2 protein chains.
Amino acid sequence: MDARRNNILKEIVETFIKTAKPVGSKALCDKFNLSSATIRNEMAVLEELGYLEKNHVSSGRVPSEAGYRYYVEHLMEAEKITGSDMLKLQKIFASGELELSDAINKCMEIISDITNYTSVVLGKNSKDNNLLQVSIIAINPTQVVAVVCTDKGNVENKMFNIGDSININELIKTSEIINKMLAGTPIDEVSVRLESDVKPIIKRQIKQYETVYNIFYDAFNDFVAGSSIHIAGRNNIFNQPEYNNISELKRLANKLDDTALIEKVAEDDNDENEIKIFIGDESEFDPNVTIIRKKYHINGEEGTIAVIGPKRMDYQRIVSLLEYIDEKLDSRKDENGK
Amino acid sequence: MDARRNNILKEIVETFIKTAKPVGSKALCDKFNLSSATIRNEMAVLEELGYLEKNHVSSGRVPSEAGYRYYVEHLMEAEKITGSDMLKLQKIFASGELELSDAINKCMEIISDITNYTSVVLGKNSKDNNLLQVSIIAINPTQVVAVVCTDKGNVENKMFNIGDSININELIKTSEIINKMLAGTPIDEVSVRLESDVKPIIKRQIKQYETVYNIFYDAFNDFVAGSSIHIAGRNNIFNQPEYNNISELKRLANKLDDTALIEKVAEDDNDENEIKIFIGDESEFDPNVTIIRKKYHINGEEGTIAVIGPKRMDYQRIVSLLEYIDEKLDSRKDENGK
DNA sequence: ATTTAGCACTGTTGGAAAATGAGTGCTAAA
DNA sequence: TTTAGCACTCATTTTCCAACAGTGCTAAAT
């Protein structure tokens, strides 16, 4: 891989990113002051090496997954975000009015709009949250709401209908017991300790302890399940020329609707704070897309932002956009964690 | 419109609903023991009347919007829900474990799955909710959560970063004042009365009253905005044969992503409790779909469930399914509003 | 007065054949 | 090493044609 070959590969990847059409030898003649035949020879080598592919024997070349990977690792220049892109994002942070999580959503919406890719924001993994308190609010004689609050400020609530059998005061009493015993417990351990530690206690003090126990159990269980997904520009990616056939389009649309699958985007936790790029089969999501992802941490809340595009995605641009957002989030965190 | 003509129209609509292919005269010969020529004559009349259309001069007939409307109003037989459909829905209500709003979502998901249409559940219009109480929970010295609870059991919460300037006790004191003064106030009037009634009071008692006021204002404002949309089987409708071309598919996909547009499905409040059918242009949503919708009220919470399908939708089936759900919801409400 | 058989006509659909064109690999000369 | 030239391949587009489903109309039959 001498310099010229690198440059040719780089050029091919980048023009394919731009045009979405297989690139032929003639297209590069001018750029390199070489004849098409020479370029063809180089292309043949690059294909041999596994970086390029052909759709059929007489078509132009298309980067393979290995080609993109090589491009991303060795060829891509770390460009700064462009002025106009920055301008659009700046507005969001400038006002400072938005809550941070809303600001993130908004950012990803803008990124989706200007790039025609789809973004996801995965938040509130509720890991690292500890129980602060649970309160019972009586709505009326037969309905109560249990409000669970963590030390990271996440709140979840659930309404229950209690028959005549349960006295509201017993619920409140139980909530106080729970608060005394379990405050500070990691939220995903609460249901376990509720059973092992609290249940025996209330068994002695509360008449309908079984029902009461179930209510709190449900309330906590709901909390653990809670994790938020926000998809921005869900259909934008379909404007990419690769989605010009129905079955492909439907396939991806269904994946974007599959919560469990989307959540996997945040998995694989090595090199936590780096921007990670998953090209095609490198992620479980879909062999035909690239996912570029960054994790963020604000006030102990952890989340992931990711952009989903075709493999022929504008890597440079997305990386620089995500870096910019991360920078901004960092600075806001210091100044005012709102 | 004599009986025979009605029957022919009915037959045409129903076979088109089944097959999605324009129906020709021959297809009806056997059903009516008439020659194709006679059927053709009748069809010509029905076309004259505006109930049928042709795609081109020598194609079979397709119901027009007016045709569907006529069918729905005069021809469609109110059939009972089929046994197998009922079975699938029964399971949801049988266990009784699910919270009612979850049960509704689940129902619509099942309906979407068995019919290949898309459903929406619009909930928590927060109209008719009155303030029960607002509480302040201190997370740590600089962060608090405001929890707003209504008499219908809806809860909303919002975290705030308070600088050193604000004393948490002042917030708690203010919350007590608000509870005393505004409990019972319709939730969408609270922010107004907060300004007119409460602000003057706290001005005298609270040092940083301007900031404190803003916090509560934000908390209540968030509440009013909250209304939930759940889309079930978002992509199912794309399995309908009418969505065999990309642009049509994208167009609808974008509409299903347009929150404001979806919310309009619940608008137009006459005959509140009837199942309403919007065929094509009859709704603002999209000229090429039919929307069948039903409002529900449970414990004062109001919501809308709707099924979105092609105009060639199985009207009978959807109507009977929605009726069944409504029935079930009604009975659950009486027995136990959970 | 209806109903029907018969016929000419129309537009869709699908496939085969042909033309076009972009791009390749290879060879031999520069 | 590079390049001009040539034969070849395969996707794409266009054209043409046949088959087909269905119509409207007319004239005869019931």
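We use all heavy atoms of the structure for the numbers below, so side chains are in, but hydrogens, waters and symmetry mates are not. Just so it is clear, the structure is predicted and the values come from calculations on it, not from any experiment. Throughout, a chain's letter reflects where its sequence line sits, starting with A, and its residues are numbered from 1.
Distances were taken from every side-chain heavy atom of H56(B) (C-beta onward) to each of dT12(C), dA11(D), dT3(D); the shortest belongs to dT12(C). The listed nucleotides are dG6(C), dG25(C), dT2(D); the one nearest the side chain of R40(A) is dG25(C).
The residue among A44(A) and A37(B) whose nearest nucleotide of DNA chain C is located toward the 5' end is A37(B). Nearest-nucleotide mapping onto DNA chain C: of V57(A) and S58(B), the residue sitting toward the 5' end is S58(B).
Within the nucleic acid shown, S59(A) comes within 4.0 Å of sugar-phosphate atoms alone, with no base atom in reach, counting heavy atoms only. Using a 4.0 Å heavy-atom criterion, one finds that S25(A) contacts the sugar-phosphate atoms exclusively. Using a 4.0 Å heavy-atom distance criterion, K26(B) is classed as making no nucleic acid contact. Within the nucleic acid shown, N55(B) has no heavy atom closer than 4.0 Å to any nucleic acid atom.
Taking the six-membered ring where the residue is Trp, Y68(B) and Y315(B) present tilted rings, their angle falling between 30° and 60°.
Taking atom CG on N41(A) and atom C1' on dA28(C), their separation rounds to 14 Å, with Å as the unit. The interatomic distance linking R5(A) (CZ) with dT1(D) (C1') rounds to 13 Å, in whole Å. Nucleotide dG23(C) holds its C1' atom 13 Å from the CD atom of E47(A), rounded to whole Å. When rounded to the nearest whole Å, the span between CE of M43(B) and C1' of dG22(D) equals 10 Å. Nucleotide dG25(C) holds its P atom 13 Å from the CD atom of E42(A), rounded to whole Å. Straight-line distance from the CG atom of L52(A) to the P atom of dT24(C): 11 Å, rounded to whole Å. The nearest whole Å value for the distance from the CG atom in L34(B) to the C1' atom in dT30(D) is 14 Å. Between I12(A) atom CD1 and dG23(C) atom C1' there is a gap of 13 Å when expressed in whole angstrom units.
Applying the Watson-Crick and G-U wobble criteria (two distances, each under 3.5 Å), dA29(C) pairs with dT2(D).
Judged purely by distance below 3.5 Å, without hydrogens or angles, the side chains of T118(A) and S112(A) never pair a donor atom with an acceptor atom. Under 3.5 Å, the side chains of Y70(B) and N6(B) contain a donor-acceptor pair of N or O atoms.
An OP1 or OP2 oxygen of dA22(C) is reached within less than 4.0 angstrom by no side-chain nitrogen or oxygen of R61(A). Between dG24(D) and K54(B), a contact under 4.0 Å exists linking OP1 or OP2 to a side-chain N or O.
Residues K18(B) and E14(B) fail the side-chain proximity criterion, which asks for heavy atoms closer than 4.5 Å. Under the 4.5 Å side-chain criterion, counting only non-hydrogen atoms from C-beta, I308(B) is not in contact with Y117(B).
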